[in-house]
Engineer: 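Take this structure, written in structure tokens, and hold onto it; I'll ask about it next.
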Number of protein chains: 2
Amino acid sequence: MSGKQHSTDQETRLIEEDHHSIKLWLRLLTCSSLIEKKHLRGSLREEFNTTLPRFDFLAQLERSADGLTMGELSSRMMVSGGNATGLANQLVKEGLVERNSPPNNRRTFVVKLSPKGKKYFAKLAARHEEWMISLLGKLSDTDVRSLMRLLGKVKSEVVQPSG
Amino acid sequence: MSGKQHSTDQETRLIEEDHHSIKLWLRLLTCSSLIEKKHLRGSLREEFNTTLPRFDFLAQLERSADGLTMGELSSRMMVSGGNATGLANQLVKEGLVERNSPPNNRRTFVVKLSPKGKKYFAKLAARHEEWMISLLGKLSDTDVRSLMRLLGKVKSEVVQPSG
DNA sequence: ACGAAATATTTTATATATAAAATGTTTTTC
DNA sequence: GAAAAACATTTTATATATAAAATATTTCGT
């Protein structure tokens, strides 16, 4: 009369065993939502009148000095092409990003940071880092290192072969 | 001639010290984005023709048998009131959720799962758990436990006093 | 070199999200 | 008990996101 009952079929057993996968996922989602929605979004709007997707767009470009095609960019940002186009339109209009077709392949556009965009992003990234330090800086080095290692494992479990 | 240089002013020093807060944040965001955008969203759409916000709406109600006011709900979901209203309109229309004004306070609405909504959510939640087990189930118990503990610390760092 | 297929992006239609104003209700204050 | 303040939600206007169709260019096969 002790312990929980177990079903014998494969599918049911999976769920009844001590998997905490869904709790882990929900906690992961809670943590990133809290940071994004309760802290980062407000700061981005107040101090820079911008948004996280726009930051991400610029951050991707900052890592690629030669620029990125629209397709590469939307794939790295994990957003749709239409979304990437909309963000690019804004940022080109504001002079932060340059978008050019290379003469040898006029199907693609290559987007890159403008000089103005580079300066702007440097300031933005520095403040972003300060915000995160003030949020997470109290965690011990050991905890941060463990989290990075374990989240690395999570990441490698969930990355798709083709994505 | 060894090691990195340190500035002496407070603000610069913060950044130059060995904080990895921003890397931790970006990895956290990557993990939850990967799970949501590359796996969960597609499954929710294909198998249930629904979305994560709609799932979240129902999940919040499932935890509160007496129902929740719209304000409580939008606060727990971390979305705007207008967004909650829009989702409620859909789900009421589909008969999954009931929305009533209590006679003593007609400023508020109390929303709760309908019997149909309870059955529907039970199926949805069971599949959701299966998806997460197939994604994350290879992680060891030890790793999952460590992650839960460490993400618990992260969560307690970032929850706001009033939010 | 020509038509078909593949590729890259934008456009269109629609869903989801926010912020701020508007609406209606309850509570407080005097 | 009436006016003001506080509260809870919806509405409005707009931004952000997706999926799918449309457009345009390049590459492949013969």
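Letters go in sequence order (proteins before strands), and every chain restarts at 1.
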Engineer: By the 4.0 Å heavy-atom rule, please label A:Asn83 as base, sugar-phosphate, or nothing.
Structural biologist: base
Engineer: Using whole Å, what does the distance between atom P of nucleotide C:dT14 and atom CZ of B:Arg54 come to?
Structural biologist: 18 Å
Engineer: The side chain of A:Arg106 lies closest to which of these nucleotides: C:dT18, D:dT26, C:dT10?
Structural biologist: D:dT26
Engineer: Using a cut-off of strictly less than 4.0 Å, decide whether A:Thr85 has a side-chain nitrogen or oxygen near OP1 or OP2 of C:dT10.
Structural biologist: yes
Engineer: If I take atom CD in residue A:Gln90 and atom C1' in nucleotide D:dT14, what distance separates them, rounded to the nearest angstrom?
Structural biologist: 12 Å
Engineer: Give the nucleotide from the list D:dT10, D:dT18, C:dT18 with an atom nearest to the side chain of B:Arg99.
Structural biologist: D:dT10
Engineer: Under 4.0 Å between any heavy atoms, over every strand shown, what does A:Ser74 touch: base, sugar-phosphate, or nothing? Just pick one.
Structural biologist: nothing
Engineer: Taking atom P of D:dT16 as reference, at what distance in whole Å does atom NZ of A:Lys37 sit?
Structural biologist: 15 Å
Engineer: A:Trp131 vs A:Phe48 aromatic rings, parallel, tilted or perpendicular, using cut-offs 30° and 60°?
Structural biologist: perpendicular
Engineer: Counting side-chain heavy atoms from CB outward, which of D:dT9, D:dT16, D:dC7 is closest to B:Thr108?
Structural biologist: D:dT9
Engineer: Rounded to the nearest angstrom, tell me the gap between atom CE in A:Met70 and atom P in D:dA24.
Structural biologist: 18 Å
Engineer: Tell me the interatomic distance from A:Arg107, atom CZ, to C:dT7, atom C1', rounded to whole angstroms.
Structural biologist: 4 Å
Engineer: Within this structure, what is the CZ-to-C1' distance between B:Arg41 and C:dT16, rounded to whole angstrom?
Structural biologist: 11 Å
Engineer: Are more than 12 heavy atoms from other residues, nucleotides or ligands located less than 6.0 Å from atom NZ of B:Lys37?
Structural biologist: yes
Engineer: Students often get this wrong, so: under 4.0 angstrom with heavy atoms, is B:Met77 touching a base, only sugar-phosphate, or nothing?
Structural biologist: nothing
Engineer: Locate the shortest heavy-atom distance separating B:Ser114 from B:Gly95; write the atom from each residue and the value.
Structural biologist: OG-O, 2.7 Å
Engineer: With a non-hydrogen cut-off below 4.0 angstrom, is B:Thr51 in contact with a base, only sugar-phosphate, or nothing?
Structural biologist: sugar-phosphate
Engineer: What is the distance from CG of B:Asn104 to C1' of D:dC7, rounded to the nearest Å?
Structural biologist: 15 Å
Engineer: How many whole angstroms separate atom CG of A:Leu44 from atom C1' of C:dT18?
Structural biologist: 14 Å
Engineer: Please work out if B:Gly71 contacts a base, only the sugar-phosphate, or nothing of the nucleic acid, heavy-atom cut-off 4.0 Å.
Structural biologist: sugar-phosphate
Engineer: If you assign each of A:Val110 and B:Thr50 to its closest nucleotide in DNA chain C, which residue comes earlier from the 5' end?
Structural biologist: A:Val110
Engineer: Ignoring hydrogens, what is the shortest heavy-atom contact between A:Thr108 and A:Pro102? Give both atom names and the distance.
Structural biologist: O-CD, 3.5 Å
Engineer: More 5' along DNA chain D: A:Pro102 or A:Ala84, using each one's nearest nucleotide?
Structural biologist: A:Ala84
Engineer: Quick one: closest heavy-atom pair of A:Asp66 and A:Val110, and the distance?
Structural biologist: O-CG1, 3.8 Å
Engineer: Relative to the 5' end of DNA chain C, which residue comes earlier, A:Glu72 or A:Arg45, by the nucleotide with the nearest heavy atom?
Structural biologist: A:Glu72
